[in-house]
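Here the structure is a predicted model, which means the values were calculated and not measured. Convention: sequence-line order gives letters A, B, ...; per-chain numbering from 1.
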Number of protein chains: 2
Amino acid sequence: MADRSDTKNRILDAALASFGTAGFDGTSLDDIAVGLGLRKQTILYHFVTKRGLLNAVVDRCAGDLTRAMEEVLAGEARDWDRVEALVRRVFRLALDQPVLLGLLREVSRPNSPGAQRMRANLDPLMARARIWIEGEMAVGRMRRTDAQLLLLSAYSTVVGVGTEIEVLRAAGIEPTLRTVVQRRRELLGFLRSSLDPRD
Amino acid sequence: MADRSDTKNRILDAALASFGTAGFDGTSLDDIAVGLGLRKQTILYHFVTKRGLLNAVVDRCAGDLTRAMEEVLAGEARDWDRVEALVRRVFRLALDQPVLLGLLREVSRPNSPGAQRMRANLDPLMARARIWIEGEMAVGRMRRTDAQLLLLSAYSTVVGVGTEIEVLRAAGIEPTLRTVVQRRRELLGFLRSSLDPRD
DNA sequence: CGCATTCTCTACCAAGTGGTAAAGATCCTG
DNA sequence: CAGGATCTTTACCACTTGGTAGAGAATGCG
């Protein structure tokens, strides 16, 4: 039955879009269902509860993010080049899939349902990154600094890109690639000034 | 009856805190009322509808923000010093009243009720700032660039500070002044590189 | 075919939502 | 004290919400 994963994915797509724009509380299962031409009970069949749907959406997004970064980590870029490659990869993902930024911002809110799960999902990735960076520091290929703080700042910068895009759009400015590229440059500048020993 | 403005302000305080953390949709009038030890009908008496309450909250916050900036504009700082003074003043406001950042982020969301009203409230301030900057550009005291884009980027950076603080807190790091100061330094650096002709 | 699995549907419900109507309080003023 | 204005309350309502129960389709397999 090829329909199964198809319906499930269609629901996930719609839920991601709605959670990211209207928020979790601002989304009703009926809204999603009607938008897809089915009944909300179908959604509950696949995900049991609304919270379960959110969890599935969070898991998928965290998976996308993790996969994108694994891709770079499996590549041949090293040292500072690897940092730059990671940033570029994440920004590319954000541009390809803007709704992802909306969800990230939603779950970055205090008291947000999903926040804990997203964090749990990204924890291994963060820990891995931190260990790598600290290793590089230890051998002098990166300058010494608080690795975790650095990573979280980078994370919130990426999330902020989503906010900025929406702010611009609300002000009637259709965001161009330029504004995003600028943010990326700033983030790279921040990371370079924190990490690059050649600086 | 001195109670009137008092009760009203207490409701506004509680609503600001709740809208900023749980979001508009995630807040029920009952929640607010119970937290204040009164009935939700009291809230509705003062603000007629939930939406009216949001509007009042947005208006007050926009007023705080505007007043803070007027304060600087009435001061004696000029040229680049004025830009720096404005940034410092806004960051100080954000530190004094962190809940304000929560609301700003809430209304910076697409489809957010209140987004339009916040924008309408801040529009005059933004227009005034743009005109001033463009004037400075015209006489060569600032470098030429897209003033509105600059302002909106600065705005979203400030909003991003709120997100970052919450991300850090969620990760178990109690945000220190240091992280906020760093963001301020970055924003000033961005503005300087965009505007300062001495650069 | 018969049967079981997988999926989607209709029907319904308990709880919570924002909001209305109106009765009391509390206070100021003539 | 009487009466009006301001404020807070109780009682109630229409509606939406997430969720349950169970009946039908559709598909795969013996």
Under the 6.0 Å and 45° cation-pi test, does A/Lys8 pair with A/Tyr45?
-> no
Does B/Leu152 share a hydrophobic cluster with A/Ile165, counting links as ILVMFWY side-chain heavy atoms below 4.5 Å and allowing steps through other members?
-> no
Spacing between A/Leu36 atom CG and C/dC7 atom P, to the nearest angstrom = 16 Å
Nearest-Å distance for atom pair NZ/P, residues B/Lys8 and D/dT6 = 12 Å
For B/Arg183 and A/Thr157, test the side chains for any donor-to-acceptor distance below 3.5 angstrom and give the result as yes or no.
-> yes
Expressed in angstrom and rounded to an integer, what is the separation of A/Tyr45 atom OH from C/dT5 atom C1'?
-> 8 Å
Phosphate oxygens OP1/OP2 of D/dT8: is one of them under 4.0 Å from a side-chain N or O of B/His46?
-> yes
What integer distance in Å separates B/Ile43:CD1 from D/dC7:C1'?
-> 14 Å
Within less than 4.0 Å of OP1 or OP2 of C/dC7, is there a side-chain N or O belonging to A/Thr42?
-> no
What's the shortest heavy-atom distance between B/Leu29 and B/Ile43, and which atoms?
-> O-CD1, 3.6 Å
B/Trp132 six-ring centre to B/Arg82 NZ/CZ under 6.0 Å and within 45° of normal = yes
Are A/Leu187 and A/Val181 connected, step by step, through hydrophobic side chains (Ile, Leu, Val, Met, Phe, Trp, Tyr) whose heavy atoms are closer than 4.5 Å?
-> yes
Taking only Lys NZ, Arg NE, NH1 and NH2, and the carboxylate oxygens of Asp or Glu, determine whether A/Asp81 and A/Arg78 approach each other closer than 4.0 Å.
-> no
Protein-nucleotide distance (B/Leu54, atom CG; C/dG18, atom P), rounded to Å = 12 Å
Is the distance from OP1 or OP2 of C/dC7 to the nearest side-chain N or O of A/Thr7 less than 4.0 Å?
-> no
Separation of D/dT8 atom C1' from B/Phe47 atom CZ, nearest Å, is 14 Å
From CG of A/Asp6 across to P of C/dT6 the rounded distance in Å is 18 Å
Contact pattern, 5' to 3', of nucleotides 11-20 of chain D - B, S or - by protein heavy atom under 4.0 Å | B-----SBBB
Between A/Ser112 and A/Glu106, does any side-chain donor sit less than 3.5 Å from a side-chain acceptor?
-> no
When you check the phosphate oxygens OP1 and OP2 of C/dT8, does a side-chain N or O of A/Arg39 lie under 4.0 Å from one of them?
-> no
Under 4.0 Å from any atom of DNA chain C, heavy atoms only: list the residues of residues 16-23 of chain A that qualify, in numerical order.
-> none
Those residues at least two apart in sequence (or on a different chain) that pass side-chain hydrogen bond (donor to acceptor under 3.5 Å, both in side chains) with B/Ser28 are B/Asp31
